Each structure stands twice: as structure tokens, then as C-alpha cells.
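Nothing here was measured: the structure is a model prediction, and the numbers come from that model.
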Amino acid sequence: MKTVNAIRLSGVLVLMASVVNATPDDTPRTKIKIVEVGWSDPNIRLFVEGNVYNPDGCSNPNSYIIDASLPSRDAMLSLALTAYSLNQDVNFIVDGCSFGSPRIITMRIRKD
């Protein structure tokens with residue numbers, strides 16, 4: 001039992017270390033290809049052209065996540081839909097992982 005608890009504790013510590021060491025980072029410019037919102041999942045998943053920038057080594061780097069807990073979630077959804085509809089470049093500031101994907105904390109639409 002002590003071994004199992006030690007393994008669980010070490011797993012929690014590794015997870016905590018990856019969150020604590022996360023630093024906000026700018027992504028390269030890209031275009032949004034898919035905006036996904038599930039019927040039972042309030043998080044927003046964005047799929048983009050090219051590779052997902054994954055500075056924190058998230059386990060599912062095929063898309064970005066806008067976490068439902070963010071106060072600006074609805075504003076970011078509006079920006080994402082606008083960028084998608086107008087085929088404008090976007091870039092994000094990501095910080096850590098959410099549901100295995102890089103977590104967006106800021107979004108920018110690029111016109112130039």
C-alpha cells in the first residue's frame with residue numbers, strides 16, 4: 001500500500017511541477033480551421049493550420065483549448081468565430097495545459 005501511495009504522490013508532484021513551471025508564451029500566427037464545442041463540454045477546442053505550438057509539452061497537442069472557467073471564454077469564442085469566418089490570422093498566448101491541450105489565455109485576430 002505504501003508503494004501505491006508513493007507512486008500516486010510522485011505522479012501528483014510531477015503534474016503539479018508541470019503546471020507550476022508553465023509560463024505564458026506567444027504562439028506563431030495561424031488560421032483557425034475548426035471551432036469545436038460539445039453538447040456536454042463547455043470548453044472550446046480550436047484546430048488550426050499547421051502544427052500546434054506546445055511549449056509546455058501537453059499530452060494532446062493536436063488542438064488548443066479555451067477553458068470554460070476563463071471569464072473571457074465567451075469573448076474568445078466570438079473572436080475565434082470572427083477570425084474563422086473572415087479567414088484572418090490569429091495568434092494566442094498559451095499557458096499550461098487543459099484537457100491535454102495547450103490552454104489559451106489570450107487571443108488576437110490579425111488583419112495585416
Side-chain angles (χ1 to χ4, degrees):
M1 187 65 156
K2 287 183 180 182
T3 303
V4 172
N5 288 336
I7 291 170
R8 285 184 188 149
L9 180 59
S10 66
V12 169
L13 292 175
V14 168
L15 180 60
M16 289 174 60
S18 67
V19 171
V20 171
N21 291 330
T23 303
D25 204 355
D26 278 280
T27 68
R29 291 169 73 163
T30 188
K31 293 193 185 303
I32 297 171
K33 298 312 247 175
I34 299 171
V35 178
E36 181 178 280
V37 180
W39 65 275
S40 65
D41 182 1
N43 300 296
I44 301 163
R45 189 171 293 274
L46 301 178
F47 295 85
V48 297
E49 281 184 355
N51 295 326
V52 168
Y53 184 63
N54 187 19
D56 294 310
C58 302
S59 62
N60 185 19
N62 69 342
S63 59
Y64 294 99
I65 285 284
I66 300 170
D67 197 290
S69 66
L70 287 177
S72 59
R73 174 200 177 271
D74 292 341
M76 282 199 247
L77 175 57
S78 294
L79 284 175
L81 292 173
T82 299
Y84 175 80
S85 298
L86 298 175
N87 199 35
Q88 293 293 329
D89 284 351
V90 295
N91 84 301
F92 315 116
I93 295 177
V94 294
D95 187 19
C97 305
S98 185
F99 297 92
S101 295
R103 180 176 55 140
I104 298 171
I105 60 170
T106 300
M107 180 185 298
R108 299 180 191 107
I109 296 177
R110 300 289 191 161
K111 189 175 180 179
D112 55 0

### Query
Hey, mind stepping through Asp95 and Asp25 against side-chain contact (heavy atoms from CB on, under 4.5 Å) and telling me if it holds?
CA-CA 7 Å; Asp95 187 19; Asp25 204 355; over 6 Å; no
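- Among residues two or more places apart in sequence or in another chain, the salt bridge (Lys or Arg N to Asp or Glu O under 4.0 Å) test is passed with Arg108 by Asp26.
- Annotation: salt bridge (Lys or Arg N to Asp or Glu O under 4.0 Å) contacts involving residues 73-92, sequence neighbours excluded, comprise Arg29-Asp89, Lys31-Asp89.
- Side-chain contact between Met76 and Leu70: present, with at least one pair of heavy atoms (C-beta onward) separated by less than 4.5 Å.
- Of the possible donor and acceptor atoms, none in the side chain of Asn60 sits under 3.5 Å from a partner among the backbone N and O of Ser101.
- Taking both residues in full, the closest heavy atoms of Gly96 and Cys58 are given as O-SG, 3.7 Å, listed atom of the first, atom of the second, then distance.
- Taking CD1 of Ile32 as the start and OH of Tyr84 as the end, the distance is 10.0 Å to the nearest 0.5 Å.
- With sequence neighbours excluded, no residue satisfies side chain to side chain contact (heavy atoms under 4.5 Å, CB included) with Ala75.
- With sequence neighbours excluded, no residue satisfies side chain to side chain donor-acceptor pair (under 3.5 Å) with Asn51.
- A chain of hydrophobic side-chain contacts below 4.5 Å, direct or via other Ile, Leu, Val, Met, Phe, Trp or Tyr residues, connects Leu81 to Leu46.
- Distance check: Asn54 CG to Cys97 SG gives 6.0 Å after rounding to the nearest 0.5 Å.
- Every pair passing salt bridge (Lys or Arg N to Asp or Glu O under 4.0 Å) that includes a residue from residues 42-54 is listed here, sequence neighbours excluded: Lys33-Glu49.
- Looking at residues two or more places apart in sequence or on another chain, you find a side chain to side chain contact (heavy atoms under 4.5 Å, CB included) between Pro28 and Tyr53.
- For Val52, the side chain to side chain contact (heavy atoms under 4.5 Å, CB included) partners two or more places apart in sequence, or in a different chain, are Val48, Tyr64, Pro102.
- In terms of the salt bridge (Lys or Arg N to Asp or Glu O under 4.0 Å) criterion, Asp67 has no residue partners (sequence neighbours excluded).
- Between the OG1 atom in Thr82 and the CG atom in Leu77 there is a gap of 9.0 Å [rounded to 0.5 Å].
- Applying the 4.5 Å side-chain rule to ILVMFWY residues, one finds that Phe99 remains a lone member of its cluster.
- Under the 4.5 Å side-chain heavy-atom criterion for ILVMFWY residues, no single connected hydrophobic cluster contains both Ile65 and Val35.
- Using a distance-only test at 3.5 Å, with no hydrogens or angles considered, no donor-acceptor pair links the side chain of Thr27 to the main chain of Asn91.
- Among residues two or more places apart in sequence or in another chain, the side chain to side chain contact (heavy atoms under 4.5 Å, CB included) test is passed with Thr106 by Ile93.
- Here the CG-CD1 distance, from Leu79 to Ile109, works out to 4.5 Å after rounding to the nearest 0.5 Å.
- We find the CD1-OG distance between Ile104 and Ser72 to be 10.0 Å, quoted to the nearest 0.5 Å.
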